[in-house]
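The structure under discussion is supplied below as structure tokens; questions concerning it will follow.
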Amino acid sequence: MWRSLGVSPEELRCDVTLVCGQSFRWKPIAQNEWRGVISSCVITLRQTAYDVLYRSIPKDDVAPLLRDYFQLHVPLVPLYGQWCQADARFASVAPAFPGLRVLRTDPVECLFSFLCSSANNIPRITRMIDALCRRYGTRLAEVEGTDYHRFPTVYALAAASEEELFALGFGYRARVVVTVARELSERGEEWLYRLRNLPYEEAHDELTTLPGVGHKIADCVCLFSLDKPQAIPVDTHVWQIAQRDYLPELQGRSLTERVYRQIGDHFRARFGEYAGWAHNVLFAAELPAFRRRVLALQRDR
DNA sequence: ACGAATCCTGGGCA
DNA sequence: ATGCCCAGGATTC
């Protein structure tokens, strides 16, 4: 039996939000339906013309969990209005991506997901995370013939062997995952959760003390799981966007630490407190999987 | 401080 | 078929 989340498509659209590389745990199971795991719940979402509906196993009423996960306390429509005012370029792509929110994912899940992201692509990262959960995560339920697992704890990952992860197809990331898991199990998982209470810059710098975590991954974890909406992860796509649309004087330069910071500062100055959310829309418009939407929008004008 | 090579793998492309 | 390039990067030199 479906329950209503009571949120309009302008405030939340699942189609892009769930599969644009913030979380790698959602799978489309039918037209306008997705299934994934949040915490220890297997959740099914259905987008309708007026609302988002949900079902969950085993708990029934996971509305509070979902409202937190989608950060529904943040009104998105006014932010889109503000960003369109601030930037003509944003205004030209935003209509193709209504309701695109930044998720509030679990920090452990977020960190290990992005440790797998280096020199990689979204479909493959999704497969790797899937393998990781199946192998090291607690099994939660079987739904329609598919097993769903909780994301592994750092302690489970710390007990894994590099060889085994390599065999699962992690490549050179196998070592990074195991190393960070062992370091975090010594510091305790709480160390990571406590970063939510620190200012953005401090949380960012703390994260880079972990081996294999540079600016980009630190910013991903800050934005998608640590309540730092001003964090701007500059990946190759954002680097392209910055050179092409915002800071043409950077063309021909390379993405050094200084340049990285300069790009983030530019976005923060332009888009304000929730710059990371705005950046996420521009980023999605750049992904191969969604670029057609932008083209279609521009054709219709 | 900067730039380049290196690391696993899979898909797209010439 | 084969080789090359690139994909949500960090590290080393």
Side-chain angles (χ1 to χ4, degrees), chain A residues 16-26 97 100 102-103 105 107 109-132 160-184 204-226 228 231-245 249-264 267 275-292:
Chain A
V16 180
T17 300
L18 293 178
V19 293
C20 68
Q22 303 186 58
S23 165
F24 302 92
R25 300 222 65 197
W26 295 93
F97 300 93
L100 176 49
V102 166
L103 300 173
T105 60
E109 174 178 329
C110 191
L111 173 60
F112 285 97
S113 297
F114 286 101
L115 282 175
C116 298
S117 76
S118 84
N120 208 344
N121 52 69
I122 293 177
R124 186 176 168 217
I125 299 166
T126 305
R127 287 196 299 273
M128 287 162 63
I129 296 303
D130 214 47
L132 198 71
S161 77
E162 190 179 323
E163 292 73 18
E164 191 169 26
L165 284 170
F166 198 90
L168 286 175
F170 278 64
Y172 65 89
R173 304 166 198 85
R175 174 184 311 188
V176 181
V177 167
V178 173
T179 305
V180 171
R182 292 181 183 161
E183 176 64 29
L184 264 185
H204 175 279
D205 293 350
E206 282 292 313
L207 284 168
T208 58
T209 65
L210 292 168
V213 178
H215 300 280
K216 194 274 178 179
I217 290 177
D219 274 328
C220 287
V221 177
C222 279
L223 179 62
F224 299 134
S225 78
L226 295 181
K228 314 296 183 238
I232 310 288
V234 182
D235 63 0
T236 54
H237 294 293
V238 177
W239 174 222
Q240 296 300 318
I241 294 169
Q243 292 175 96
R244 188 190 60 210
D245 299 337
E249 64 270 27
L250 293 180
Q251 285 168 17
R253 303 267 306 272
S254 64
L255 186 54
T256 61
E257 198 172 323
R258 285 166 58 89
V259 172
Y260 186 101
R261 188 175 306 276
Q262 188 182 345
I263 294 169
F267 274 86
W277 291 46
H279 136 285
N280 199 43
V281 175
L282 297 170
F283 168 74
E286 203 72 11
L287 287 176
F290 299 121
R291 203 170 292 152
R292 300 183 64 176

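Residue numbers start from 1 in every chain, and the chains themselves are labelled A, B, ... in the order their sequence lines are given, proteins ahead of strands.
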*Does the side chain of A/H204 reach to within under 4.5 Å of the side chain of A/H215, using non-hydrogen atoms?*
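Touching, per the 4.5 Å side-chain cut-off.
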*Of the non-hydrogen atoms in A/W239 and A/S254, which two are nearest, and what is the gap between them?*
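Residues A/W239 and A/S254, closest heavy atoms: CZ2-C, 4.0 Å.
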*Is A/F224 touching bases, backbone alone, or none of the nucleic acid, heavy atoms closer than 4.0 Å?*
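Base, at least one base atom sits under 4.0 Å.
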_A/E162 side chain to A/A174 backbone, donor-acceptor under 3.5 Å_ =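 Not a single qualifying donor-acceptor pair exists.
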*asked:* Using the side chain to side chain contact (heavy atoms under 4.5 Å, CB included) definition, which of the options A/N121, A/T126, A/I125 pairs with A/P123?
replied: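 Considering A/N121, A/T126, A/I125, a side chain to side chain contact (heavy atoms under 4.5 Å, CB included) with A/P123 is found only for A/N121.
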*Expressed in angstrom and rounded to an integer, what is the separation of A/D219 atom CG from C/dA10 atom C1'?*
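To the nearest whole Å, that distance equals 14 Å.
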_Span that lies between the P atom of C/dG8 and that of B/dC13, in whole angstrom_ =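 Roughly 14 Å separates the two P atoms.
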*Base, sugar-phosphate, or nothing for A/C116, non-hydrogen atoms under 4.0 angstrom?*
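Since no nucleic acid heavy atom lies under 4.0 Å of A/C116, the category is nothing.
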*Residue A/R124, side-chain atoms from C-beta onward, closest of B/dT9, C/dG8, C/dG9*: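 Taking heavy atoms from C-beta onward, the closest nucleotide is B/dT9.
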*Rounded to the Å, how far apart are A/H237 NE2 and C/dG8 P?*
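The distance from NE2 of A/H237 to P of C/dG8 comes to 3 Å, rounded to the nearest Å.
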*Dot-bracket for DNA chain C, 5' to 3', with Watson-Crick and G-U pairs under 3.5 Å, [ ] for crossing pairs and | for other-strand pairs: what is it?*
.||||||.|||||
*Between A/Q22 (side chain) and A/L103 (backbone), is there a donor-acceptor pair under 3.5 Å?*
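Checking the backbone N and O of A/L103 against the side chain of A/Q22, a donor-acceptor pair under 3.5 Å is found.
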*Verify whether the ring centers belonging to A/F24 and A/F114 lie closer than 6.0 Å.*
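For A/F24 and A/F114, the ring centres are under 6.0 Å apart.
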*What nucleotide among B/dC8, B/dG3, B/dC2 has an atom nearest to a side-chain atom of A/R258?*
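Shortest atom-to-atom distance from the side chain points to B/dC2.
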*If you look at every heavy atom in A/S23 and A/T105, which pair is closest and at what distance?*
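Heavy atoms of A/S23 and A/T105 come nearest at CB-CG2, 4.2 Å.
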*When you measure from every atom of DNA chain C, which of residues 204-211 of chain A have a heavy atom less than 4.0 Å away?*
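Nucleic-acid contacts, sorted: A/P211.
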*Within 6.0 angstrom of A/E164 CD, more than 12 heavy atoms from elsewhere*: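 Yes, CD of A/E164 has more than 12 neighbouring heavy atoms, counting only those of other groups under 6.0 Å.
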*Mind listing the residues from residues 165-174 of chain A sitting with a heavy atom below 4.0 Å of DNA chain C? Number order is fine.*
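Heavy-atom contacts with DNA chain C come from A/Y172.
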*Would you classify A/I122 as touching base, sugar-phosphate or nothing, given that sugar-phosphate means primed atoms plus P, OP1 and OP2, and contacts are heavy atoms under 4.0 Å?*
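Touches a base.
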_Taking the P atom in each of B/dA4 and C/dC6, what is the distance between them to the nearest angstrom?_
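B/dA4 and C/dC6 have their P atoms separated by 14 Å.
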*Take atom NE2 of A/H215 and atom P of B/dA1, then tell me their distance rounded to the nearest Å.*
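Rounded to the whole Å, the gap is 11 Å.
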*Rounded to whole angstroms, how far apart are CG on A/N121 and P on B/dG12?*
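So the two atoms are 10 Å apart, to the nearest Å.
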*Under 4.0 angstrom, heavy atoms only, what part of the nucleic acid is A/G214 near: base, sugar-phosphate, or nothing?*
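Contact class for A/G214: sugar-phosphate only.
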*Euclidean distance, atom CG of residue A/L111 to atom P of C/dG8 [Å, nearest integer]*: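 It is 19 Å, rounded to the nearest whole Å.
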*May I ask you to test the A/V19-A/I122 pair for a side-chain heavy-atom distance under 4.5 Å?*
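A/V19 does not reach A/I122 side chain to side chain.
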*Just wondering, are more than 12 heavy atoms of other shown residues or ligands nearer than 6.0 Å to CZ in A/R258?*
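No, not enclosed.
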*According to a strict under-4.0 Å criterion, is A/T256 in side-chain N/O contact with OP1 or OP2 of B/dC2?*
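Answer is yes, contact under 4.0 Å.
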*In whole angstroms, how far is the P atom of C/dG8 from the CD1 atom of A/I232?*
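After rounding, the gap between these two atoms is 18 Å.
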*d(CE, A/M128; P, B/dC8) in whole Å*: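 Taking atom P of B/dC8 as the reference, CE of A/M128 is at 12 Å.
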_Quiz question: going by heavy-atom distance under 3.5 Å, is there a donor-acceptor pair between the base of C/dG8 and the side chain of A/K216?_
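Answer is yes: a donor-acceptor pair is held.
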*asked:* Nearest heavy atom decides the nucleotide; on that basis, is A/G212 or A/P123 closer to the 5' end of DNA chain C?
replied: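 Result of the comparison: A/P123.
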_Is it the case that over 12 heavy atoms from other parts of the model lie below 6.0 angstrom from the CZ atom of A/R261?_
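Count not over threshold, so no.
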*Flag yes if more than 12 heavy atoms outside A/R175 fall under 6.0 Å of its CZ atom; otherwise flag no.*
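At most 12 heavy atoms, drawn from other residues, nucleotides or ligands, come within 6.0 Å of this atom.
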_Over all strands shown, is A/Q22 touching base, sugar-phosphate only, or nothing at heavy-atom distances under 4.0 angstrom?_
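Counting heavy atoms under 4.0 Å across all strands, the contact made by A/Q22 includes a base.
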_B/dA1 and C/dG9, which share atom name P, separated by this distance in whole Å_ =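 About 23 Å, rounded to a whole number of Å.
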*Quickly work out the A/H279 NE2 to C/dG8 P distance and round it to whole Å.*
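Nearest whole value for this atom pair: 12 Å.
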*Among the candidates C/dG8, C/dA10, B/dG10, find the nucleotide nearest to the side-chain atoms of A/R127.*
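Nearest to the side-chain atoms of A/R127, counting from C-beta on, is B/dG10.
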*Taking all heavy atoms of A/L223 and all of A/P233, pick out the closest pair and write down the distance.*
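In this case the closest contact between A/L223 and A/P233 is CD2-CD, 3.9 Å.
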*When the C1' atoms of C/dA10 and B/dG11 are considered, how many whole Å apart are they?*
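Going atom to atom, C1' in each nucleotide, I get 23 Å.
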*Write down the distance separating the C1' atoms in C/dC5 and B/dA5, rounded off to the nearest Å.*
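Comparing C1' positions in C/dC5 and B/dA5 gives a spacing of 16 Å.
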